[in-house]
Amino acid sequence: MLTEKCNFQCTYCFESGLMDIAPHMTLEVLEGTVKAIIEASPCERVSIQWFGGEPLLRWNLIAHGMDLFEDAVAEKRISGVNYSLTTNGSLATPAIAERMARESIQVFVSVDGPQDVNDLSRIDRLGRGTYDRAIQGYRTLADHGVDVGLLVTVSPETLSGLSSSIAHLIESEGLRRIGINTPQPTENGWDVDGALLASEIVKIIRFCDERGVKLIAPGMRALRGLGTKTPHVDDCRAPGGEMAVSVDTFGRMSGCIVSWVEGRPWNKDEITHQSLARFEMQKSASTVQDVCDGCIAEAICGGPCHLELALRGLNPERCAFYQTLMYESLMSLRRFNS
């Protein structure tokens, strides 16, 4: 987490309350964090996601951090690094794009649909729509060879047209990769209808599969488990399946990549080999509840995430999502992506 600050002010942003009060990560904290990650991962390949706020506000830190990791690879302290980054796209320049392409950074630019859909929620601090700036940033990155896709956040207002919005983005920009954010857990559960989200996801899977577009979306790893007849009961991981942790702007580590609140669901800790192992053990603990017994989705859902348990317990909309995803997939999909 390089910064909580952002030059946009999207209406649904879960970090909006911290935007004007939380500090940037300092150079000293960045260097200490990189050093701790390297020492905790001897001879391993590490995966780093540069996150914000808007991470490109701290591009100088990103560039310096990549230099440090590059030195560690050259010195054989780690075997390699995979980078990813999510941005609103507005600060992307040709120089930034060239460095991203050299470092093989996987980038997502946040765009929620066609201009009329995107600009409902993704606005700047003056209340203006951001679609044109985001798409221009995407095109700058794509034109310089960056592995870039678009990332969609779903809201109650945009859910019913989600599959149409995805189709528009893919066809208008010639996308080869697109992502959909998982709804964020709250004390009230998800703020979107879980069953309707699942139905839209099933349509999108078929659309992307027919066009060879890579889709990263809620439920995809569970469906791959269904396709390979492998139970999927551990969903507290990054999209690639890695055990993930987050590091805040003060350099403190949390086992949860969504919540940075102390004790929700775990206390923060220093980055060490031992603390990473402890978080992995905690994150792998089963959260299946007694009421899950007999559910059609039990073997691909795994129960509520640890944050949901801390906030409210079982999340009815998440249950409806996995139940509908399972049923509609079995009824309508011919095959699942591997």
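Side chains included, hydrogens not; waters and symmetry mates left out as well; all remaining heavy atoms used.
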Quick one: does [X]'s side chain get under 4.5 Å of [Y]'s, heavy atoms only?
X	Y	answer
P55	L2	yes
L197	W190	yes
P114	S165	yes
S246	M1	no
F108	I216	yes
I201	F321	yes
L309	P265	no
R133	D124	yes

Handout entry: H306 and W266 aromatic ring geometry - parallel, tilted or perpendicular at 30°/60° bounds
Key =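 W266 vs H306 ring planes: tilted.
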Looking at every non-hydrogen atom in both residues, tell me the closest pair between [X] and [Y] and how far apart they are.
X	Y	value
S199	T324	OG-CG2, 3.9 Å
T140	P94	CG2-N, 3.9 Å
L215	C208	CB-SG, 4.2 Å
R318	C305	CZ-N, 4.3 Å
V73	G80	CG2-CA, 3.8 Å
W59	M66	CH2-CE, 4.0 Å

Mind checking whether [X] and [Y] sit in one hydrophobic cluster, side chains of I, L, V, M, F, W, Y counted as touching below 4.5 Å?
X	Y	answer
F250	V29	no
M281	V288	no
V117	V109	no
L150	I123	no
M25	L27	yes

Between the main-chain N or O of [Y] and the side-chain N or O of [X], is there a donor-acceptor pair closer than 3.5 Å?
X	Y	value
T3	G53	no
R176	D147	no
K283	V245	no

Handout entry: I48 vs I37, side-chain contact (heavy atoms from CB on, under 4.5 Å): CA-CA, chis, key distance, verdict
Key = CA-CA 10 Å; I48 303 296; I37 290 171; 4.0 Å; yes
Any chance you could measure [X], atom [atom1], to [Y], atom [atom2], to the nearest 0.5 Å?
X	Y	atom1	atom2	answer
D119	T130	CG	OG1	5.5 Å
C256	F279	SG	CZ	10.0 Å
I62	R58	CD1	CZ	10.0 Å
L120	T158	CG	OG1	7.5 Å
Q323	E328	CD	CD	12.5 Å
Q289	C295	CD	SG	12.5 Å

Problem - Short N-O contact, D248 and R252, less than 4.0 angstrom - result: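 Salt bridge present between D248 and R252.
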Exercise for the section: For M253 and L276, run side-chain contact (heavy atoms from CB on, under 4.5 Å): C-alpha distance rounded to whole Å, both residues' side-chain angles, the deciding distance at 0.1 Å, then the answer. Expected result: CA-CA 9 Å; M253 181 177 68; L276 287 169; 3.6 Å; yes
Handout entry: Audit row: T249, H24, side-chain contact (heavy atoms from CB on, under 4.5 Å) steps and yes/no
Key = CA-CA 6 Å; T249 56; H24 291 305; over 6 Å; no
Handout entry: Among V154, I205, L162, I180, side-chain contact (heavy atoms from CB on, under 4.5 Å) partner for E200
Key =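 Of all the options given, the one that passes is L162.
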Practice task
Sort out for me which residue in E157, R122, Q184 forms a side-chain contact (heavy atoms from CB on, under 4.5 Å) with Y12.
Solution key: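 Of the listed residues E157, R122, Q184, the side-chain contact (heavy atoms from CB on, under 4.5 Å) partner of Y12 is R122.
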Practice task
Return yes when atom CD of E44 has more than 12 non-hydrogen atoms of other residues, nucleotides or ligands closer than 6.0 Å, and no otherwise.
Solution key: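 More than 12 within 6.0 Å, yes.
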Exercise for the section: Kindly check if the number of other-residue, nucleotide or ligand heavy atoms within 6.0 Å of CD (E75) is above 12? Expected result: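 Correct, the count exceeds 12.
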Practice task
Could you walk me through whether R99 and R102 pass the side-chain contact (heavy atoms from CB on, under 4.5 Å) test, one step at a time?
Solution key: CA-CA 5 Å; R99 177 73 190 267; R102 287 200 307 273; 3.1 Å; yes
Exercise for the section: Verify the distance criterion only: is there a donor paired with an acceptor across the side chains of T153 and N181 at less than 3.5 Å? Expected result: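 Side chains of T153 and N181: pair found under 3.5 Å.
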Handout entry: Pair N88, E54: side-chain N/O donor-acceptor within cut-off below 3.5 Å
Key =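 Per modelled atom types, N88 and E54 side chains form a pair under 3.5 Å.
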Handout entry: Intermediate values then yes/no, side chain to side chain donor-acceptor pair (under 3.5 Å), D112 and S121
Key = CA-CA 9 Å; D112 288 351; S121 301; 5.5 Å; no
